[in-house]
Asks: 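Encoded as structure tokens, here's the structure I'll be asking about.
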Amino acid sequence: MAYSSRTGKRPDELASKSSHSFIINDEDVKSFLENCEYPKSAEEVELDRSLVIKVQYPDENPIEHIIAMDGGYATIPVKKTFPSSLITFFQFGEIFLNTEDLNNISEMPFISREAMSALKDLERSKLVLPTKNVSYNSNITITHSVRRTIYEYFRKKGDEKNNLLSTTYWLIFNLFNQPVDSFNLTTCPHCEEKNQNILRANFNSEYTTNCPECNGILYLTDCFRLHEVIGDELGAGGILGYLVNLIEQINIIHTIKYIKETQPKLLDKFFFIKDGPLAFFGQTANMHKHVRKLCNYLFSNHNLFLAGLEKSGAFVEHADEIKNLLEPGEALLLNNKHIYTYILPGPSDNPEPYAHTSYYSSKIIFKSRDERVYVITLPVENENIVLNPQKTDFKNLDTILWNIEKLRCDMYDNSIVPVALANKLISLSSHPSSSILEKFAKKHTK
């Protein structure tokens with residue numbers, strides 16, 4: 001087809017019909033494929049029965065309240081012409097349920113709309129993040145616009161004396177137990193000086209301080225290190241997943257802190273559920289050390305019922321694959337050998353504990369008495385437990401699994417009522433939510 005100057009349209013680029021032959025006849029390609037290993041099918045899996053435990057269902061349920069946290073986001077173009085501009089809308093939901101209400105509907109063959117609506121007590125929060133080619137509040141670059149936006153969200157979420165900033169300060173400086181004097185800032189967002197000790201005493205009432213090297217303003221939220229993976233040309237698209245996971249968990253910790261400081265005995269009656277594993281990823285991964293300290297402190301001095309529930313991914317696919325190898329009411333504690341033999345690529349004798357740089361929890365696969373299968377992460381004392389897990393390493397295990405079984409839900413695969421409700425009430429659909437948000441953003445953009 002000839003190039004048309006009238007339409008300005010070039011012909012479609014057609015792929016060669018024979019280029020594949022150069023790949024399939026290449027000996028290096030053949031050798032590479034022959035040396036690849038893949039996850040094992042159920043017929044190839046042999047469970048270590050010493051890792052299979054029988055759930056001891058309690059006579060009474062100490063849990064009276066359940067709080068589930070979930071978040072979602074949608075990235076919207078507000079300017080499609082070159083250079084394009086993107087912003088991202090986040091929505092977070094913390095849903096509160098009473099176990100008494102759940103018990104009343106658990107025997108129903110079909111949960112009516114009226115019964116389900118009685119369970120909903122949802123607190124929403126919203127965040128708008130400049131994502132590409134957007135400047136916010138007179139900040140020159142996308143990096144500093146994002147820093148400022150995250151800081152302001154943490155400052156405004158909650159009341160003046162008890163917001164997400166105060167919770168982060170409480171967590172980072174270990175104020176719940178034995179306070180520490182500083183934290184390590186890996187990279188200054190201004191001068192890029194490495195590994196500076198940022199002193200707690202230097203933070204003002206607004207939770208800001210100054211870089212010891214360049215005197216640039218530092219926000220407490222810079223401890224999350226998200227500024228390190230934002231490019232002023234490429235934008236902030238790479239932090240979106242890390243950020244939603246981070247805020248979900250900080251919100252849970254914020255609620256735990258409030259209960260601990262106001263009515264600590266109530267911690268024994270609350271069950272906190274997160275959608276996804278109890279871990280921090282990417283630049284935020286170091287946060288897992290602080291949260292592990294908090295969990296260990298709560299187990300020793302109060303009590304904590306906390307679990308992460310996974311709905312998708314390699315572990316969920318593996319759980320579905322091996323579900324017939326477990327009896328109803330059994331749980332499989334996942335150790336390094338099982339993970340690297342049957343689920344993830346890697347040597348089965350890997351001495352490095354699985355996910356020890358990001359998880360403050362360890363995984364189990366649970367088959368309920370009605371034969372539903374769940375992948376659950378629970379807080380554990382240290383990262384080495386995954387090498388040789390024992391039932392005693394998982395605090396409140398029987399009670400947590402019993403409650404997860406009671407919260408069964410058919411809305412999604414591998415889901416339970418609180419997580420399914422939170423997801424349904426806060427998730428932003430591709431259609432029509434995205435198109436409506438795009439029109440809304442353009443209307444209110446200068």
Side-chain angles (χ1 to χ4, degrees), residues 53 62-63 65-67 69 164 166-184 200 223-224 245-274 276-281 284-310 331 333-336 339 352-364 376-401 403-404:
I53 61 169
I63 303 299
H65 312 287
I66 297 168
I67 292 180
M69 172 58 65
L164 291 188
S166 64
T167 295
T168 304
Y169 185 84
W170 179 79
L171 177 67
I172 291 294
F173 292 113
N174 212 54
L175 300 187
F176 50 85
N177 190 12
Q178 297 177 342
V180 297
D181 294 328
S182 65
F183 74 87
N184 178 265
R200 173 164 60 100
C223 70
F224 303 137
N245 178 66
L246 169 77
I247 291 177
E248 286 174 352
Q249 292 178 90
I250 295 296
N251 270 298
I252 290 175
I253 294 167
H254 182 65
T255 305
I256 290 173
K257 174 177 177 284
Y258 176 78
I259 296 172
K260 177 187 176 300
E261 292 178 345
T262 55
Q263 299 188 62
K265 291 183 179 179
L266 281 181
L267 279 174
D268 293 354
K269 303 178 185 297
F270 274 83
F271 179 22
F272 300 91
I273 304 174
K274 178 189 176 295
L278 301 179
F280 294 88
F281 303 107
T284 67
N286 281 341
M287 292 298 298
H288 85 279
K289 298 176 182 178
H290 302 291
V291 180
R292 190 192 297 278
K293 288 180 182 178
L294 173 61
C295 291
N296 288 344
Y297 167 81
L298 291 173
F299 283 131
S300 299
N301 296 274
H302 300 277
N303 205 356
L304 178 65
F305 295 90
L306 171 64
L309 188 72
E310 300 184 36
L333 310 180
L334 295 178
N335 66 358
N336 248 31
I339 290 170
E352 292 290 327
Y354 164 75
H356 66 285
T357 61
S358 56
Y359 275 62
Y360 56 96
S361 58
S362 196
K363 295 180 187 283
I364 66 171
I376 303 160
T377 59
L378 300 174
V380 289
E381 184 178 1
N382 61 69
E383 65 270 17
N384 292 322
I385 282 172
V386 71
L387 300 176
N388 183 32
Q390 307 293 318
K391 184 178 180 180
T392 53
D393 295 323
F394 298 85
K395 310 297 184 185
N396 303 318
L397 177 63
D398 292 320
T399 298
I400 287 174
L401 296 185
N403 277 276
I404 287 176

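The first residue in the sequence is number 1, and the count goes up from there. None of the values given here were measured: they were computed from a predicted structure.
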Asks: Please test Y297 against Q178 for side chain to side chain donor-acceptor pair (under 3.5 Å), starting from the C-alpha separation and ending with a verdict.
Replies: CA-CA 10 Å; Y297 167 81; Q178 297 177 342; over 6 Å; no
Asks: Can you list everything that forms a side chain to side chain contact (heavy atoms under 4.5 Å, CB included) with N382? Sequence neighbours excluded, please.
Replies: N384, I385
Asks: Taking atom CG of L294 and atom CZ of F176, what is their separation to the nearest 0.5 Å?
Replies: 4.5 Å
Asks: Atom CD1 in I66, atom NZ in K269: separation rounded to 0.5 Å?
Replies: 14.0 Å
Asks: If every non-hydrogen atom of P179 is compared with every non-hydrogen atom of R200, which pair is closest and at what distance?
Replies: CB-NH2, 3.7 Å
Asks: How long is the gap from CG on L306 to CG on L267, to the nearest 0.5 Å?
Replies: 11.0 Å
Asks: Is there a side-chain contact between T168 and I250, using heavy atoms and a 4.5 Å cut-off?
Replies: yes
Asks: Taking the side chain from N336 and the backbone from Y354, do they hold a donor-acceptor pair closer than 3.5 Å?
Replies: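 Side chain of N336 to backbone of Y354, a donor-acceptor pair under 3.5 Å: yes, one is there.
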Asks: Might you point out which heavy atoms bring K363 and P277 nearest each other, and give the distance in Å?
Replies: NZ-CB, 4.1 Å
Asks: For N251 and M69, indicate whether the former's side chain and the latter's backbone hold a donor-acceptor pair under 3.5 Å.
Replies: no
Asks: Any heavy-atom pair between the side chains of C295 and L304 that's under 4.5 Å?
Replies: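 SC-SC contact between L304 and C295 confirmed.
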Asks: Please name the pair of heavy atoms, one in K293 and one in N174, separated by the smallest distance, quoted to 0.1 Å.
Replies: CD-OD1, 3.9 Å
Asks: Do K257 and W170 make a side-chain contact, defined as non-hydrogen atoms from C-beta onward lying under 4.5 Å apart?
Replies: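 Yes, side chains in contact.
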Asks: Is the shortest heavy-atom distance from the side chain of M287 to the side chain of F224 under 4.5 Å?
Replies: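 A side-chain contact exists here, since the closest heavy-atom pair is under 4.5 Å.
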Asks: Does the side chain to side chain contact (heavy atoms under 4.5 Å, CB included) test come out yes or no for I364 and L334, once each step is laid out?
Replies: CA-CA 6 Å; I364 66 171; L334 295 178; 5.8 Å; no
Asks: Indicate the atoms forming the closest heavy-atom contact of A279 with N245, along with that distance.
Replies: O-ND2, 2.9 Å
Asks: Quick one: do V386 and I339 satisfy side chain to side chain contact (heavy atoms under 4.5 Å, CB included)? Show the steps, please.
Replies: CA-CA 10 Å; V386 71; I339 290 170; 4.1 Å; yes
Asks: Between F305 and D268, which heavy-atom pair has the shortest distance, and what is it?
Replies: CE1-O, 3.3 Å
Asks: P379 versus L278: any side-chain heavy-atom pair under 4.5 Å?
Replies: yes
Asks: Show, in sequence, the C-alpha distance, side-chain angles and deciding distance for I404 and I376, and conclude whether the side chain to side chain contact (heavy atoms under 4.5 Å, CB included) test is met.
Replies: CA-CA 9 Å; I404 287 176; I376 303 160; 3.5 Å; yes
Asks: Is any side-chain heavy atom of F173 less than 4.5 Å from a side-chain heavy atom of F183?
Replies: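 Yes, close enough: below the 4.5 Å cut-off.
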Asks: Under 3.5 Å, side chain of E248 to main-chain N/O of K274, donor-acceptor pair present?
Replies: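 Pair absent, no side-chain N/O of E248 close to backbone of K274.
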Asks: Got a second to check how far I259's CD1 is from F270's CZ, nearest 0.5 Å?
Replies: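 It is 4.0 Å, given to the nearest 0.5 Å.
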Asks: Report yes if some heavy atom in the side chain of I63 is under 4.5 Å from a heavy atom in the side chain of T399; otherwise report no.
Replies: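 Yes, side chains in contact.
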Asks: Say whether N303 and N396, considering side chains only, have a donor N or O and an acceptor N or O under 3.5 Å apart.
Replies: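 There is such a pair (donor and acceptor under 3.5 Å, judged by atom type) between the side chains of N303 and N396.
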Asks: Any salt bridge (charged side-chain N to carboxylate O under 4.0 Å, His left out) involving residues 387-401? Give me the pairs, sequence neighbours left out, ordered by first then second residue.
Replies: K391-D398
Asks: Identify the two heavy atoms, one from Y359 and one from H288, that lie closest to each other, and give their separation to 0.1 Å.
Replies: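 Nearest pair, atom of Y359 first, then H288: O-CD2, 3.3 Å.
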Asks: Under 3.5 Å, is there a donor-acceptor pair linking the side chains of Y258 and Q263?
Replies: no
Asks: To the nearest 0.5 Å, tell me how far S361 OG sits from E383 CD.
Replies: 12.0 Å
Asks: Is the closest side-chain heavy-atom distance between I53 and L397 below 4.5 Å?
Replies: yes
Asks: Do F272 and T255 pass the side chain to side chain contact (heavy atoms under 4.5 Å, CB included) test, and can you show the C-alpha distance, the side-chain angles, and the key distance before you say yes or no?
Replies: CA-CA 9 Å; F272 300 91; T255 305; 3.9 Å; yes
Asks: Drop me the distance from F280's CZ to L246's CG, to the nearest 0.5 angstrom.
Replies: 6.0 Å
